[in-house]
Amino acid sequence: MTLEALLDTLRACPLVASVQASEGSPLDDPATLARLARASVAEGVRILRLQGVENIRAARGGLPCIGLVKQRIEGSDVFITPTSTEVDALLDAGVDIVALDATARVRPGGAALPALVERIHEAGALAMGDCDTLDSVLEAMEAGCDLVGTTLSGYTDASPPRPGPDLELVREAAARSIPVLAEGRVAEPWQAAAALRAGAIGVVVGGALNDPVKQTRAFLQACRTTAGPVGAVDLGGTWLRFGTFDDRWQMQGSERIETPADPQDRLAWIRARARESGVRALGIGTGGVVDPDTGTVWRSKPLIPDHEGTVLRFDLPTYALNDGLATAWGHACHPLFAGTRVATIALGTGVGFGIVERGRLLMGARGEPPHLNDVPTPWGSFESLLGGYALGADPSPAQIASAREAGVAAIRLVHGLFHPDHVVVCGGVGLGLVTGPDPVLDGLPSPFGQDAGLYGAAALALWPG
């Protein structure tokens with residue numbers, strides 16, 4: 001098969017079906033994989049990606065085939081077609097395209113990628129480099145690969161895990177004028193379409209099409225609840241609260257102290273409460289921006305003294321996010337709002353905001369929430385008008401009137417920008433200020449009352465997402 005013929009085939013149908021079974025799966029036999037392949041072919045797929053010589057011979061059915069052999073060899077992390085032995089086996093099976101690891105990792109026996117690519121070309125086949133980074137794409141090009149895939153992005157030390165397909169690598173590789181197949185964690189149709197628009201010539205989809213083991217695991221994870229009891233921490237500028245919840249999300253008790261000025265005192269208090277209560281996991285909602293991967297508060301306002309740099313990790317599973325996001329997650333898990341697009345405005349010492357759609361929080365890669373608090377108005381930012389820190393302990397009638405007007409403006413803005421099904425208002429300031437009967441001008445009062453922050457933090461621990 002020539003490269004031009006491959007490109008023509010992909011233009012006719014850019015979807016490549018990867019028909020492979022998870023290790024130990026009852027589907028892992030050639031006859032079963034052949035039936036799965038035929039199901040995709042019957043719907044119009046024209047290229048298959050197959051693993052293992054026996055499976056290739058059983059399943060390809062005369063279609064163009066991207067073939068690979070997964071072989072673990074001691075002393076090397078490279079396992080996709082690692083040596084000339086696997087290359088020769090694939091060529092003997094008549095594959096059109098040989099896929100092989102093109103990362104910078106050392107191959108078994110010191111095999112060199114350019115030599116393997118040359119061997120493939122001598123046999124009249126095409127070489128596909130399975131890459132993890134832009135550097136490996138460039139190495140694959142230098143080695144003579146005819147096309148590359150983002151197959152190994154998120155699966156090597158040089159490429160950390162990510163939740164979806166690496167569209168940035170697709171863009172970067174496509175800009176180098178080499179054909180790119182987007183592959184890896186393409187779970188939904190919109191992701192496949194996005195990959196093509198980002199520059200891919202085709203999209204390889206495996207588990208989402210042909211692996212019920214992976215699909216079952218994903219649904220099981222979505223349906224799983226952390227075994228209770230779990231602890232919930234609401235760390236704000238005024239109060240530091242701790243609650244204990246069972247695995248049915250029922251609060252068993254709570255306590256609070258004025259937020260200590262010293263961050264080490266705050267951590268010590270949380271640690272002691274977690275130890276004494278015997279909780280199995282901990283959810284934390286707090287002011288500032290929290291990296292969900294490290295638990296580090298990497299941006300914070302002075303509402304909580306010396307908060308920036310605090311690491312919210314303890315000796316049990318811990319899930320920490322900005323308090324607006326945590327509270328939004330809690331409302332999205334409530335029976336009244338489950339499955340809807342629900343926005344939360346939390347009015348306490350500061351102003352928090354979060355929105356959940358299709359079971360996912362809208363946030364940045366490092367836990368950045370939508371910053372409704374800093375949106376300017378003719379009278380100041382929403383936080384300067386609505387936050388308890390700005391209003392003080394005894395706000396004047398004029399301040400209350402301005403806050404009410406600002407609250408209505410904030411809710412209108414949220415409706416105009418996000419078109420949520422519901423806007424929920426919570427927090428000690430919010431519950432008495434901007435809730436009412438008008439679904440556009442007023443927010444729904446939180447069903448959690450004064451405990452919305454704790455319920456949100458508990459939801460992070462029970463259903464990490």
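Computed from heavy atoms alone, side chains included, the values below leave out hydrogens, waters and symmetry copies.
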Chemist: In sequence, state the C-alpha distance, the side-chain angles, and the governing distance for Asp451 and Met251, and then conclude on side-chain contact (heavy atoms from CB on, under 4.5 Å).
Modeler: CA-CA 10 Å; Asp451 295 319; Met251 187 160 64; 3.4 Å; yes
Chemist: Is it true that Asp132 and Thr156 share a donor-acceptor pair across their side chains at a distance under 3.5 Å?
Modeler: yes
Chemist: Quick one: does any side-chain atom of Arg72 pair with a main-chain N or O of Val78 as donor and acceptor, under 3.5 Å?
Modeler: no
Chemist: Between Glu308 and Arg299 (salt bridge meaning N to carboxylate O under 4.0 Å), is one present in this structure?
Modeler: no
Chemist: If you draw a 6.0 Å radius around CZ in Arg197, do more than 12 non-hydrogen atoms from other residues or ligands fall strictly inside?
Modeler: no
Chemist: Going by heavy atoms in the side chains, are Thr286 and His307 under 4.5 Å from each other?
Modeler: yes
Chemist: Verify, without hydrogens or angle tests, whether Gln215 (side chain) and Gly207 (backbone) share a donor-acceptor contact under 3.5 angstrom.
Modeler: yes
Chemist: Under 4.5 Å between any side-chain heavy atoms of Pro420 and His422, yes or no?
Modeler: no
Chemist: First locate atom CG of Leu413, then atom CG of Leu372, and finally report the distance between them rounded to the nearest 0.5 Å.
Modeler: 6.5 Å
Chemist: Measuring from Asp247:CG to Arg280:CZ, what's the distance to the nearest 0.5 Å?
Modeler: 8.0 Å
Chemist: Heavy-atom count around Asp374 CG within 6.0 Å, excluding the residue itself: above 12?
Modeler: yes
Chemist: Run the salt bridge (charged side-chain N to carboxylate O under 4.0 Å, His left out) check on Glu188 and Arg358 step by step: do they pass?
Modeler: CA-CA 13 Å; Glu188 299 184 60; Arg358 299 183 68 190; 3.2 Å; yes
Chemist: Rounded to the nearest 0.5 Å, what's the gap from CE on Met141 to CD on Glu139? Could you check?
Modeler: 11.0 Å
Chemist: Might you confirm whether atom NZ of Lys214 has over 12 heavy atoms from other residues, nucleotides or ligands at distances under 6.0 Å?
Modeler: no
Chemist: Is it the case that the side chain of Gln221 and the backbone of Ala218 share a donor-acceptor pair, with hydrogens and angles ignored and the cut-off at 3.5 Å?
Modeler: no
Chemist: Tell me, do Cys333 and Trp463 make a side-chain contact under 4.5 Å, heavy atoms counted?
Modeler: yes
Chemist: Among side-chain atoms of Ser22 and Asp211, is any donor-acceptor pair under 3.5 angstrom?
Modeler: yes
Chemist: If I compare all heavy atoms of Tyr319 with all of Ala461, which pair ends up nearest, and what's the gap?
Modeler: CD1-CA, 3.8 Å
Chemist: Can you see whether Ser446 engages His334 through a side-chain donor-acceptor pair at a distance of less than 3.5 angstrom?
Modeler: no
Chemist: Would you check if the side chain of Asn55 reaches a backbone N or O of Gln51 as a donor-acceptor pair within less than 3.5 Å?
Modeler: yes
Chemist: Using distance alone, with no hydrogens and no angle criterion, decide if Gln252 and Asp246 have a side-chain donor and acceptor under 3.5 Å apart.
Modeler: yes
Chemist: Indicate yes or no: at least one non-hydrogen side-chain atom of Leu7 is less than 4.5 angstrom from one of Pro179.
Modeler: yes
Chemist: About how many Å separate CG of Leu138 and CD1 of Ile178, when rounded to the nearest 0.5 Å?
Modeler: 9.0 Å
Chemist: Would the distance check show the side chain of Arg185 and the main-chain N or O of Gly164 forming a donor-acceptor pair, the cut-off being under 3.5 Å?
Modeler: yes
Chemist: Please give me the minimum heavy-atom distance between Ala458 and Trp249, naming the atom from each residue.
Modeler: CB-NE1, 3.8 Å
Chemist: Does Thr259 use its side chain to pair, donor to acceptor, with the backbone of Trp239 at less than 3.5 Å?
Modeler: yes
Chemist: Please determine if Arg275 and Asp315 form a salt bridge, counting it only when a charged side-chain N lies under 4.0 Å from a carboxylate O.
Modeler: no
Chemist: Using a 4.5 Å cut-off on heavy atoms from C-beta on, say whether the side chain of Ile47 contacts that of Thr9.
Modeler: yes
Chemist: Please tell me if the side chains of Lys70 and Gln20 come closer than 4.5 Å, counting only heavy atoms from C-beta onward.
Modeler: yes
Chemist: Given 3.5 Å as the limit, does a donor-acceptor pair link the side chain of Ser153 with the main chain of Thr150, or not?
Modeler: no
Chemist: Check whether any side-chain heavy atom of Glu23 sits under 4.5 Å from a side-chain heavy atom of Asp28, and report yes or no.
Modeler: no
Chemist: Between Val289 and His371, does a side-chain contact (heavy atoms from CB on, under 4.5 Å) hold up when you go through it step by step?
Modeler: CA-CA 10 Å; Val289 184; His371 288 295; 4.2 Å; yes
Chemist: When you measure from the side chain of Thr226 to the backbone of Leu462, do you find a donor-acceptor pair of N or O atoms at a distance under 3.5 Å?
Modeler: yes
Chemist: Answer whether the closest heavy-atom distance between the side chains of Arg273 and Leu240 falls below 4.5 Å.
Modeler: no
Chemist: Would you call Arg49-Asp130 a salt bridge at under 4.0 Å N-O?
Modeler: yes
Chemist: Are the side chain of Arg171 and the backbone N or O of Gly199 linked by a donor-acceptor pair below 3.5 Å?
Modeler: no
Chemist: Considering all heavy atoms of both residues, which atom of Gly359 and which atom of Trp329 are nearest to each other, and what is their separation?
Modeler: O-CZ3, 3.3 Å
Chemist: Are Asp291 and Arg366 ion-paired here, with the side-chain N under 4.0 Å from a carboxylate O?
Modeler: yes
Chemist: Tell me which one of Leu68, Leu152, Thr81 satisfies side-chain contact (heavy atoms from CB on, under 4.5 Å) with Asp101.
Modeler: Leu152
Chemist: Run the side-chain contact (heavy atoms from CB on, under 4.5 Å) test on Leu312 and Val233 for me, step by step, so that the C-alpha distance in whole Å, both residues' side-chain angles and the decisive distance to 0.1 Å come before the verdict.
Modeler: CA-CA 11 Å; Leu312 299 170; Val233 176; over 6 Å; no
Chemist: About how many Å separate OH of Tyr155 and CG of Asp166, when rounded to the nearest 0.5 Å?
Modeler: 11.0 Å
Chemist: Looking only at heavy atoms, which two atoms of Thr327 and Cys426 are closest? And how far apart?
Modeler: CG2-SG, 3.4 Å
Chemist: For Asp157, does the CG atom sit with more than 12 other heavy atoms under 6.0 Å from it, leaving out its own atoms?
Modeler: no
Chemist: Please name the pair of heavy atoms, one in Ala37 and one in Leu48, separated by the smallest distance, quoted to 0.1 Å.
Modeler: CB-CD1, 4.0 Å
Chemist: Looking only at the side chains, is there a donor atom on one of Asp135 and Thr133 sitting less than 3.5 Å from an acceptor on the other?
Modeler: no
Chemist: What's the spacing between Ile355 CD1 and Phe353 CZ if we round to 0.5 Å?
Modeler: 5.0 Å
Chemist: Of all the heavy-atom pairs spanning Gly367 and Pro292, show the shortest one and how long it is.
Modeler: N-CD, 3.5 Å
Chemist: Check whether any side-chain N or O of Arg105 sits under 3.5 Å from a backbone N or O of Ser76 as a donor-acceptor pair, and report yes or no.
Modeler: no
Chemist: Distance alone, cut at 3.5 Å: any donor-acceptor contact between the side chains of Ser381 and Glu383?
Modeler: no
Chemist: Show your reasoning for whether side-chain contact (heavy atoms from CB on, under 4.5 Å) applies to Ile201 and Leu181.
Modeler: CA-CA 6 Å; Ile201 58 163; Leu181 289 177; 4.0 Å; yes
Chemist: Answer yes or no on whether Arg271 is positioned over the face of Phe314, meaning its NZ or CZ is under 6.0 Å from the six-membered ring centre and within 45° of the axis.
Modeler: no
Chemist: As a test of understanding, state which of Thr296, Thr310, Val297, Leu325 forms a side-chain contact (heavy atoms from CB on, under 4.5 Å) with Val290.
Modeler: Val297
Chemist: Would you call Glu357 and Arg360 a salt bridge, taking side-chain N to carboxylate O under 4.0 Å as the test?
Modeler: no
Chemist: Determine the interplanar angle of the Tyr455 and Phe448 rings, folded into 0 to 90°, and report it as parallel if under 30°, tilted if 30 to 60°, perpendicular if over 60°.
Modeler: parallel
